[in-house]
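Quick note on labels: first sequence line is chain A, next is B, and so on, each numbered from 1.
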Amino acid sequence: MNDRLKIASWNINSVRARIDIVERLLREEEPDILCLQETKVVNDIFPTAMFHQLGYTHQVLHGQPMHHGVAILSRVPMREDDRLDWQANGEPRHIGVQLENGFRLENVYVPAGGDIPDRTLNPKFGQKLDFVERMTRWSETLKTPTLIVGDFNIAPLESDVWSHKQLLDVVSHTPIEVEALAGMQAAHGWVDLGRTFIPAPERYYSWWSYRAKDWAASDRGRRLDHMWASPQLAAQATTHRVLEPCRSWTRPSDHVPLIVEFEF
DNA sequence: ATGGTTGGCACCCAA
């Protein structure tokens, strides 16, 4: 195994619609592994060729028609571990792999949770909370050093959103979601690599709505995407970056990639 | 206070 490992995570909002900017990211950043969320494609027609051409010959795909979907593309060997269904409804929102150095990589797409932050009025919000609760139980059982990355759809800290007060009732930043995520973090002692390298209260966003005239000028962002590591693995992380310029690329995703590098 | 955009797919749903 290499003594360095570079991993990227990106909610791509359709890998087919954005294959050109995925290629641009791979050429510019050359990560060893890319974790994608919201691929929105069944495995049969996943655009595997571009990844193969750039050396990402190890591919673990988990998609369905229309919605959701996750994938891991890698230049280094990996072995599929599991694909957990934390909603028990068949939606493809997780894949886990084992790398040659023994550590586990988990790629997750937490449900957005709908618009109304009340599980009695909005079942999707309840499903989101249940999903995080089951991830918490799973976190308690982990023995091997693990990195979990993806779109958690929760921005926990005040400095993770453009306005803490105005988002207190907005799904992604409600106290009940923040509390649920804190419970998951405590269940394994997960280290939030984003806030290790970019400490609060520094501004840190990974998502900006499409529904803004000028996303950069209004800058109403949220930190929905995360990279969390087991303590022993977190100690090996050397860099972490948020690739904010990708939000300005042609036909962008509404999320930007996160990058982490390890030295072993 | 409301509506604003996007992708997939087949008309509006989820984000």
J.: What residues from residues 16-28 of chain A pass a heavy-atom cutoff of under 4.0 Å to DNA chain B?
T.: A:Arg16, A:Ala17, A:Arg18
J.: According to a strict under-4.0 Å criterion, is A:Arg211 in side-chain N/O contact with OP1 or OP2 of B:dT2?
T.: no
J.: Round to a whole Å and report the spacing from CD of A:Gln64 to P of B:dG7.
T.: 19 Å
J.: Measure the distance from CG on A:Asp254 to P on B:dT6 and round it to the nearest whole Å.
T.: 10 Å
J.: Side-chain heavy atoms under 4.5 Å apart, restricted to Ile/Leu/Val/Met/Phe/Trp/Tyr: what other residues fall into the cluster of A:Leu121, or is it alone?
T.: A:Ile116
J.: Among B:dT6, B:dG7, B:dA15, which is the nearest nucleotide to the side chain of A:Tyr210?
T.: B:dT6
J.: Treating Ile, Leu, Val, Met, Phe, Trp and Tyr as nodes and any side-chain heavy-atom pair under 4.5 angstrom as an edge, say whether A:Ile33 and A:Ile259 lie in one connected cluster.
T.: no
J.: In whole Å, what separates the P atom of B:dA14 from that of B:dA10?
T.: 14 Å
J.: In whole Å, what is the span from the CG atom of A:Asp115 to the P atom of B:dG3?
T.: 13 Å
J.: Sequence neighbours left out, what pairs pass side-chain hydrogen bond (donor to acceptor under 3.5 Å, both in side chains) with at least one residue falling in residues 39-51 of chain A?
T.: A:Asn13-A:Lys40
J.: Any side-chain N or O of A:Ser209 less than 4.0 Å from the OP1 or OP2 oxygen of B:dT5?
T.: no
J.: When the nearest nucleotide of DNA chain B is assigned to A:Arg220 and to A:Pro252 on a heavy-atom basis, which residue is associated with the more 5' position?
T.: A:Arg220
J.: Rounded to whole Å, how long is the line connecting atom CD of A:Glu38 with atom P of B:dC13?
T.: 17 Å
J.: Roughly how many Å is it from CG in A:Asn13 to C1' in B:dC13, rounded to a whole number?
T.: 13 Å
J.: Sequence neighbours excluded, which residues qualify as side chain to side chain donor-acceptor pair (under 3.5 Å) partners of A:Arg241?
T.: A:Glu29
J.: Verify, without hydrogens or angle tests, whether A:Arg27 (side chain) and A:Leu54 (backbone) share a donor-acceptor contact under 3.5 angstrom.
T.: no
J.: A:His52: what forms a ring-ring contact (aromatic ring centres under 6.0 Å, His included) with it, not counting sequence neighbours?
T.: none
J.: Measure from CD1 on A:Ile12 to P on B:dA15 and round the result to the nearest Å.
T.: 17 Å
J.: Rounding to the closest angstrom, what is the interatomic distance between B:dG3 and B:dA15 at atom C1'?
T.: 15 Å
J.: Could you give the NE2-to-P distance, from A:His67 to B:dC12, as a whole number of Å?
T.: 15 Å
J.: Tell me what A:Lys213 touches on the nucleic acid: a base, only sugar-phosphate, or nothing, going by heavy atoms under 4.0 Å.
T.: nothing
J.: Considering only residues two or more places apart or on different chains, which pairs with a residue in residues 72-131 of chain A satisfy ring pair (Phe, Tyr, Trp, His ring centres under 6.0 Å)?
T.: A:Trp86-A:His94, A:Trp86-A:Phe131, A:Trp86-A:Trp138, A:Phe103-A:Phe262, A:Phe103-A:Phe264
J.: What is the separation between atom NZ on A:Lys40 and atom C1' on B:dT6, rounded to the nearest whole Å?
T.: 7 Å
J.: Touch check for A:Arg93, heavy atoms < 4.0 angstrom, all strands: base, sugar-phosphate only, or nothing?
T.: sugar-phosphate
